[in-house]
Amino acid sequence: MITKQRLKQSRLATLLLLAAVSPSWAAKDIVVAVASNFTTLDPYNANDTLSQTIAKSFYQGLFGFDRDLKVVNVLAESYQTSSDGLRYTIKLRPGVKFHDGTVFDAQAVKANLDRASDADNHLKRYNLFKMIERTEVLEPNTVRIVLKAPFSAFIYSLAHPAAVMISPAALQQYGKQIGFHPVGTGPYQFVDWNQTEYVKVKRFEGYWQPGLPKLDSITWRPVVDNNTRSAMLQTGEAHFAFPIPYEQAKLLEKNSQLHLVAAPSILHRYISINVTQKPFDNLKVRQALNYAINKEALIKVAFSGYAVPAQGPLPAAIDFSARYQPWPYDPAKARALLKEAGYPNGFTTTLWSSHNHSTAQKVLQFTQQQLAQVGIKVAVQAMDAGQRAAKVESVGVEETGVRLFYTGWAASTGEADWALAPLFATQAAPPKQFNTAFYSNPVVDSNLSAALATHDRAQKQALYQQAQDRIWADAPWIFLVTERLLSANSKRLSGFYVMPDTSFSFEQADLQ
């Protein structure tokens, strides 16, 4: 005879078994494989989009972006701008708490923006906040930000992935070590960071949005080797991987358990030309370089078709971008221009790359071959992060060895200022920012400054158009391509995707 006690035990065992095998009971833990290590978990001190993306697990800003890079409210409910463009009054979302229980309020905003706008803190994202004069607490849920001068792109700066709210208590406790102890208001709470292996986050039970997050945990795993990253998807060891090496796209596409996704991007690929050095100070030489590269063939060879030719200094998805006819492939025209410039037999130079992964290597080799066909002999070098910092980012015009430099840029504010000023403004030359062409045009500088001084959209459009017209004509770059972003994920995973700036959106992510 079965006793009541044994019956209860039997039923309990059955329930435990069902919990172990039923998807509705299973823990929703996912692994995300990415291409490189994380530099810091303090977005204000990170130069790389990937580190800022991981930080979106536990941090949020006042504003953010939707899938189309339109600004949306996050921790801010609304804002108003003064008529002179100097004061931004922001109403904050009430009832939000940081992971450590600290209340999110105007004092928290002030603590973060005071830190970010203080040059003495030497934060890598200082340039996004240097226009702030002061931050004032008006009420517990109202803050006013006063700028030094009108800066009409300011809300876009506050929507940048670096502009997050960190617990003031954590900032006080950890100081300069906050990059190892993140405490935010985001959907997930920091668990652990093994600097060579993973970052792990778990669901924050006190998250302010009801019903979110849907996952129990995310493990972010850096996997530098392309083949290993793809293999982890196929074995089920990873649920999402980005980027997918272009050469493996067709293989993953055949896997019935996976989705391969090619998404639009604002990731521009180009070769900057040091216009201060001969022969590149000659416009005809720079024009010749643009005519010498077959962009359609480059897209097939290096990007397996997952890119489009550059149609201007800005990708099409950037607000205020202008579009032009791509530079055509015309090697005969290139040779004629070189002859007119005084280089009938070409010349010898160097081409460096900011990365050394397989796609960058292919771009270098292809460019080397193309330029050789018009008489330009190029020695190529692909750099790792340390070499790039030492030889490019930290060296001014007088000492620089940069001649031709293959790199890329994704303006994570989604607006023309951050897509143009750090790359083309005179004051943006290394080591300050990323104008590796050392390009300087007073008309462009004036246009960029004037665009920031007005909130009139038509005026901004005209000013940015004029700047782009001049840049396109001056050809300080070899304008190459805008990439498409290739990711893959398990079909069990939904709501997880790559944003146009190469960051991720995963707040609605769920695992079936």
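We're numbering straight along the sequence, starting at 1. Computed from heavy atoms alone, side chains included, the values below leave out hydrogens, waters and symmetry copies.
Ion pair Lys70/Asp66 not flagged as a salt bridge, since none of the NZ, NE, NH1 or NH2 atoms sits closer than 4.0 Å to an Asp/Glu carboxylate oxygen. Using a 4.0 Å cut-off between charged side-chain N and carboxylate O, Arg115 and Asp42 make a salt bridge. A salt bridge links Asp216 with Arg203: at least one charged nitrogen is closer than 4.0 Å to a carboxylate oxygen.
The salt bridge (charged side-chain N to carboxylate O under 4.0 Å, His left out) analysis of residues 99-108, with sequence neighbours excluded, yields no pairs. Evaluation of the ring pair (Phe, Tyr, Trp, His ring centres under 6.0 Å) test over residues 46-72, restricted to residues two or more places apart or in two chains, returns Phe63-Tyr79.
With sequence neighbours left out, the ring-ring contact (aromatic ring centres under 6.0 Å, His included) criterion links Tyr270 to Trp477. Scored by the ring-ring contact (aromatic ring centres under 6.0 Å, His included) test, Tyr406 finds no partners at all (sequence neighbours excluded). For Phe204, the ring-ring contact (aromatic ring centres under 6.0 Å, His included) partners at least two apart in sequence or on another chain are His99.
Lys391 forms a cation-pi arrangement with Trp352, by the criterion of a distance under 6.0 Å to the ring centre and an angle within 45° of the ring axis.
In this structure, Thr367 contributes its side chain and Val363 its backbone to a donor-acceptor pair below 3.5 Å. One N or O on the side chain of Thr53 and one on the backbone of Thr49 form a donor-acceptor pair closer than 3.5 Å.
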With a 3.5 Å cut-off and sequence neighbours excluded, list the donor-acceptor pairs that the side chains of residues 298-308 form with protein atoms.
none

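Within the 4.5 Å cutoff, no side-chain heavy atoms of Phe405 are placed close to those of Thr350.
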